[in-house]
Amino acid sequence: MPDARRSSKSVQWKWLGISFVIYFAFYLIPIIGARSVIGGRTAVIAIGIWALAGVVILAVIISFFSKGASLWELPIASAAIILGFTLSFYTFHSWSQTRPWSMFVDVGTSTVVTFLLSLCGMWIGTKLRRLKRHDHPQPSS
């Protein structure tokens, strides 16, 4: 019994990896590609919308299909993706144009907001999974 309780509180590395790959493929690649494909002001608007909505949408989908992964996989994966993305952006593109304290505020804020949005999306996905389970009861044999 203690092992079951312990595993539900620990990080499930499989779902952390799956979440990380999904966030990379369906969150970062569209953001990076939108600038070159769409271009201009429309790309900026599309990137802004997807930057906020994408975290929640992907968290809903991942948590709906994960069937009980623990609380920390999605927020850790999304925060790691955003942390890596913003740090690489500042390192390769605008490090010399930015004051260090401003960079830390930007990186910290985006990481915390992404972490919280993925928690909200995970909560919605879990509620939807439970709602689906109650709508379709298992047939009795």
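For W123, the CH2 atom is loosely surrounded, since the number of other residues' heavy atoms within 6.0 Å does not exceed 12. In F24, the CZ atom is not crowded: 12 or fewer heavy atoms of neighbouring residues, nucleotides or ligands sit closer than 6.0 Å.
Heavy atoms only, all atoms of each residue included: V55 and T114 are closest at CG1-O, 3.6 Å. Residues G125 and S63 come closest through the heavy atom pair CA-OG, 3.1 Å. Taking both residues in full, the closest heavy atoms of Y23 and I81 are given as CB-CG1, 3.9 Å, listed atom of the first, atom of the second, then distance. Closest heavy-atom contact between F64 and R129: O-CD, 3.3 Å. Contact record, F115 with A79: CD1-CB, 4.2 Å, taken as the closest heavy-atom pair. Residues S118 and S78 approach most closely at OG-OG, 3.1 Å, considering heavy atoms.
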Pair I57-W50, side-chain contact (heavy atoms from CB on, under 4.5 Å): steps then yes or no: CA-CA 9 Å; I57 292 168; W50 185 243; 4.0 Å; yes
Between R130 and T126, does a side-chain contact (heavy atoms from CB on, under 4.5 Å) hold up when you go through it step by step? CA-CA 6 Å; R130 288 180 185 158; T126 303; 3.8 Å; yes
Run K127 and L131 through side-chain contact (heavy atoms from CB on, under 4.5 Å) and show every step you take. CA-CA 6 Å; K127 293 293 182 185; L131 183 66; over 6 Å; no
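Linking ILVMFWY residues whenever their side-chain heavy atoms come closer than 4.5 Å, directly or via other members, places L128 and M122 in the same cluster. In this structure, I76 is a member of the same hydrophobic cluster as F65, with clusters built from ILVMFWY side-chain heavy atoms closer than 4.5 Å. The hydrophobic cluster containing V56 also contains L116, counting ILVMFWY residues as joined when their side-chain heavy atoms lie under 4.5 angstrom apart, directly or transitively. Grouping the Ile, Leu, Val, Met, Phe, Trp and Tyr side chains by contacts below 4.5 angstrom, directly or via other members, places I62 apart from V21. L117 and I49 sit in two unconnected hydrophobic clusters of ILVMFWY residues. Membership requires side-chain heavy atoms under 4.5 Å apart, directly or through other members.
Residues K14 and I18 form a side-chain contact, since some pair of their non-hydrogen atoms from C-beta on lies under 4.5 Å apart.
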